[in-house]
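Read through the structure below, which is laid out as structure tokens, and then see the notes.
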Amino acid sequence: MDIHQASITINTQGRGQSEITAAVNDALIASGLQVGICQIFCRHTSASLAITENADPTVLKDLEGYMTRTVPDGDPRYAHDMEGPDDMSAHIRSILTGSGLTVPFAQGRLMLGTWQGVFLWEHRARGHAREVVVTCLGRGSRTRTRAE
């Protein structure tokens, strides 16, 4: 089993989703691995990762609308507001959606469904530079012997 790790920086435009499927696939291709598991991890507490539809942008709009209604900014019940009214709501949103994903790959490509994409979801109102770590565990194209 081989391991390859890469870091991707995504500059967000503020609250919303940025599709990062191509960047994750690029990291996988660079690994030279053909079959295995790709683990994707967001190194932030106010952004998260999601796999969702990548064809119809209204899906992303509806997801953001749902999150805005469910976890509003500036709720007076939040004690944590050191960085503004979107501070605690961003932390809650990232916990609800998650900081890591695991996707199998075969033939050197992520095994996502036809309409699936990997998205970084920015939960803060303003843009940030976000770091995502892609760790690929798997086997390359050549056959290994037991002696290796």
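Keep in mind it's a predicted model, so treat the numbers as computed, not measured.
Between Thr52 and Gln116, the closest side-chain pair of non-hydrogen atoms is not below 4.5 Å. Side-chain contact between Phe41 and Val132: absent, with no pair of heavy atoms (C-beta onward) separated by less than 4.5 Å. Using a 4.5 Å heavy-atom threshold, the side chains of Val133 and Gln5 count as touching. Proximity of Asp87 to Arg124: side-chain heavy atoms (C-beta onward) are separated by under 4.5 Å at one or more points.
With sequence neighbours left out, His91 forms a ring pair (Phe, Tyr, Trp, His ring centres under 6.0 Å) with His80. Taking the side-chain hydrogen bond (donor to acceptor under 3.5 Å, both in side chains) definition, one finds that Arg69 meets it with nothing, sequence neighbours left out. In this view, Ser89 and Asp73 satisfy the side-chain hydrogen bond (donor to acceptor under 3.5 Å, both in side chains) rule, not counting sequence neighbours. With sequence neighbours excluded, no residue satisfies salt bridge (Lys or Arg N to Asp or Glu O under 4.0 Å) with Arg109. Ser94 pairs by the side-chain hydrogen bond (donor to acceptor under 3.5 Å, both in side chains) definition with nothing, not counting sequence neighbours.
Of the N and O atoms on the side chains of Thr9 and Glu131, not one donor lies less than 3.5 Å from an acceptor on the other residue. For the residue pair Gln39 / Thr135, no side-chain donor-acceptor distance below 3.5 Å is found, with atom types taken as modelled.
Across all their heavy atoms, Gly140 and Gln34 have their closest contact at C-CG, 3.8 Å.
Taking SG of Cys136 as the reference point, atom CD1 of Ile37 lies at 10.0 Å (rounded to 0.5 Å). Between atom CG of residue Leu33 and atom CD of residue Gln107 there is a gap of 14.0 Å, rounded to the nearest 0.5 Å. Here the OG-CD distance, from Ser48 to Glu122, works out to 9.0 Å after rounding to the nearest 0.5 Å. Rounded to the nearest 0.5 Å, atoms CD1 (Ile8) and SG (Cys42) are 11.0 Å apart. Separation of atoms OG1 (Thr21) and CG (Leu28) is listed at 12.0 Å; rounding is to 0.5 Å. Note that CD of Gln17 and CG of Leu49 are 12.0 Å apart. Values are rounded to the nearest 0.5 Å.
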Would Ile40 and Val118 count as a side chain to side chain contact (heavy atoms under 4.5 Å, CB included) if you check the C-alpha gap in whole Å, the side-chain angles of each, and the deciding distance to 0.1 Å?
CA-CA 9 Å; Ile40 310 153; Val118 179; 4.3 Å; yes
Pair Phe119-Asn54, side chain to side chain contact (heavy atoms under 4.5 Å, CB included): steps then yes or no
CA-CA 9 Å; Phe119 291 83; Asn54 64 357; 3.9 Å; yes
Would Asp86 and Arg15 count as a side chain to side chain contact (heavy atoms under 4.5 Å, CB included) if you check the C-alpha gap in whole Å, the side-chain angles of each, and the deciding distance to 0.1 Å?
CA-CA 10 Å; Asp86 67 340; Arg15 188 165 281 159; 3.6 Å; yes
Under the side chain to side chain contact (heavy atoms under 4.5 Å, CB included) criterion, do Leu112 and Ile51 qualify, and how do the steps go?
CA-CA 9 Å; Leu112 294 169; Ile51 294 175; 4.1 Å; yes
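The residue from Ile10, Asn11, Thr12 that alone fulfils the side-chain contact (heavy atoms from CB on, under 4.5 Å) condition with His128 is Thr12.
Hydrophobic clustering of Ile, Leu, Val, Met, Phe, Trp and Tyr side chains at less than 4.5 Å, counting indirect connections, unites Ile92 with Met67. Linking Ile, Leu, Val, Met, Phe, Trp and Tyr whenever their side-chain heavy atoms come within less than 4.5 Å puts Met88 and Leu96 in one cluster.
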Distance-only donor-acceptor pairs under 3.5 Å for side chains of residues 57-65, two or more places apart:
from	atom 1	to	atom 2	distance (Å)
Thr58	OG1	Asp56	OD1	2.7
Thr58	OG1	Asp56	OD2	3.0
Glu64	OE1	Trp121	NE1	2.7
Glu64	OE2	Arg93	NH1	3.2

